[in-house]
Amino acid sequence: MCGIVGYVGKKEASPVLINGLSKLEYRGYDSAGVAIIENNKLKISKCKGRLANLEAKLQQEPIHGAVGIGHTRWATHGEPSDLNSHPHSNEDETISVVHNGIIENYLHLREWLTSKGYKFMSETDTEVIPHLVDYYYQGNLEDAVMKAISKMDGSYALGVVSTHEPGKLVAVRKDSPLIVGVGKDEFFIASDIPAILNYTRDVYLLNDKEFVVITQDGIKLLTEEGDIINKDIFHVTWNADAAEKGGYEHFMIKEIHEQPKAIRDTMTSRIALEKPITLDKISLTKEQLENIDKVYIVACGTAYHAGVVGKYAIEQLARIPVEVDIASEFRYRNPIINEKTLMIVVSQSGETADTLAALREAKKHGARVIAVTNVVGSSASREAHDVLYTWAGPEIAVASTKAYTTQLIAMYIMALYFAEQKGTLSSERIEEIKKEMLQLPEKAEETLKHKDVLQRFASKTYMHKDMFFLGRGVDYAVAMEGSLKLKEISYIHSEAYAAGELKHGTIALIENGTVVIALATQDNLFEKMVSNIKEVKTRGANVLAFAFEGNNDIEKTVDSALYIPKTETVLAPVLSVIPLQLLAYYMAVQKGCDVDKPRNLAKSVTVE
Ligand code: F6R
């Protein structure tokens, strides 16, 4: 977690750093800080709370200088406080560091440095870094940083400045993202591209243990041995506006509305009528697919929920057994992986630590790995054998919406591709499903129109402390996602249940007025779902049901109903999740929650 930025140029660094940090608050926002070299002295300003606090502080006490680093924090080691905020410095404030990641052996390093006379001010793991750099400094900052990282275990993206060499910024990464922006007479480092898009579109994407040394004269990319690296510039084609709110009150509602386009973009050039499905550059022949005895889909959070739908789709359409795993569980349960395993990792950011660890574990055991990710050049995209991008555009709100629907599309495209290659479906059936998929953007647009029912329901129920989400088949997978959305942004406790499972215990919690959201889009399970709804209605539940248009009979059983356009049942999640996202959003707005930056969360979880 955490976001870092750095600047070397001719402008005042302070506003550039603040602007960059404002685009990275999705990575953490419990404190922020900058260190700028002013007249050969390090000036540091940092404080607990949102970036706005730091901005106010800098307005009161401005810092002038054209070289600096900045940080927005998501606390791991040490509570959010002024003292634990980054940047961290050595004792005489000649070296300052911003860090994203976790130094796993920091306690050992701290003890060792203490024995050498170094004093620590904070509870953070990061504070060992400026002291280590200080210990190794012998006239060259990059050499000292190289020696320091050779002692560090764990993950890091670092930006380091020093008054010993006041025009220089050194940065390096390992298992945490870092990009380098190249402008005209100015250079940047950042955890993510939106932080620098106001200044340049030309970036270098750093790999693990690659260093960048920036001065006013230019930049040098180095290996950890100090050898020069020649790299191509990556030109960002998407617009800075894509990362702005564009008139919406929150990024989340903007991103919910972007789903029809995101869905369309993710299908473009992959799905077309009467043409074979293409998976970009990925090729899996019939023989290769027949050699695969198991698919693992591994991911976290919302991406995991997309994986659960992926399991249903791949098993149903391509008849390949699929296991879906939560990445943090997968890596430690000694899973059975070999050359016959196909691993699909799903990650919006492509930087989630647990998902990357699972990817590496699978590769180590000979599996072929496909990454489904939204971020071009992300670690997942570079480390997997193959990559299938979701073209959702930048997702800024912490709560994932358009990334999820495009992940679903990626799952369907793969399932259909596998089915086509293996011949598990007739070509007519594949054409039927493709036809339905191509109509999803319009149907998603249609689904977005049902706001009034949801606003009304939210305004009546937002004070509730608990809610339940029920479904069967893929509706259950969507229920899990609806429940997560509600929890994370409105702080209402909720649980998702496979509707048939409720009566095995949890139904004891249903009482007069309990809110139940029931999904009933699966034709073959519709009657059974109606029976499950009756079970909770009889016990006093207040039920809002989602069904396909035409299934209006459901109104006889429930308190409120919302209809979504009819589509293939396996594709229903793309549409049924939209009202669930809207419902969570309206609940959170009613409660006055900070929708885009919910408490305790960060967009990119780069720690275990
Ligand atoms: C929830 C949410 C998280 C992420 C999870 C994985 O709205 O966004 O649950 O889905 O942290 O993140 P990625 O997809 O970046 O690996």
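Every number for a ligand or one of its atoms is a count from 1 in the order of the listing.
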If the cut-off is 4.0 Å to any non-hydrogen atom of [X], which atoms of ligand 1 fall inside it?
| X | value |
| --- | --- |
| K485 | 1 (C), 7 (O) |
| A399 | 7 (O) |
| A303 | 10 (O), 14 (O) |

Whether F330 and Y296 hold their rings parallel, tilted or perpendicular, with breakpoints at 30° and 60°: perpendicular

Residue I336 excluded, over 12 heavy atoms near CD1 under 6.0 Å: no

Exceeds 12 heavy-atom contacts within 6.0 angstrom, atom CG of D452: yes

Qualifying residue for side chain to side chain donor-acceptor pair (under 3.5 Å) with S400, from E395, H305, Q348: E395

Close approach, E351 and ligand 1, non-hydrogen under 4.0 angstrom: no

4.0 Å heavy-atom contact, V398 with ligand 1: yes

Distance-only N or O hit between ligand 1 and T355, under 3.5 Å: no

Heteroatom distance test (Q407, ligand 1): nitrogen or oxygen, under 3.5 angstrom: no

Distance from [atom] to nearest protein heavy atom, with residue and atom:
| atom | value |
| --- | --- |
| atom 13 (P) of ligand 1 | T352 OG1, 3.3 Å |
| atom 14 (O) of ligand 1 | Q348 N, 2.6 Å |
| atom 3 (C) of ligand 1 | T302 N, 4.0 Å |
| atom 5 (C) of ligand 1 | C300 O, 3.6 Å |
| atom 11 (O) of ligand 1 | V605 CG2, 4.0 Å |
| atom 15 (O) of ligand 1 | S349 OG, 2.7 Å |
| atom 7 (O) of ligand 1 | E488 OE2, 2.4 Å |

Pairs meeting criterion side chain to side chain donor-acceptor pair (under 3.5 Å) with involvement of residues 457-469, two or more places apart: D466-H493

[X]/[Y] ion pair, N-O < 4.0 Å:
| X | Y | answer |
| --- | --- | --- |
| E210 | R382 | no |
| E446 | K443 | no |
| K402 | D265 | no |

Shortest non-hydrogen contact between Y304 and A299, atoms and distance: N-CB, 3.5 Å

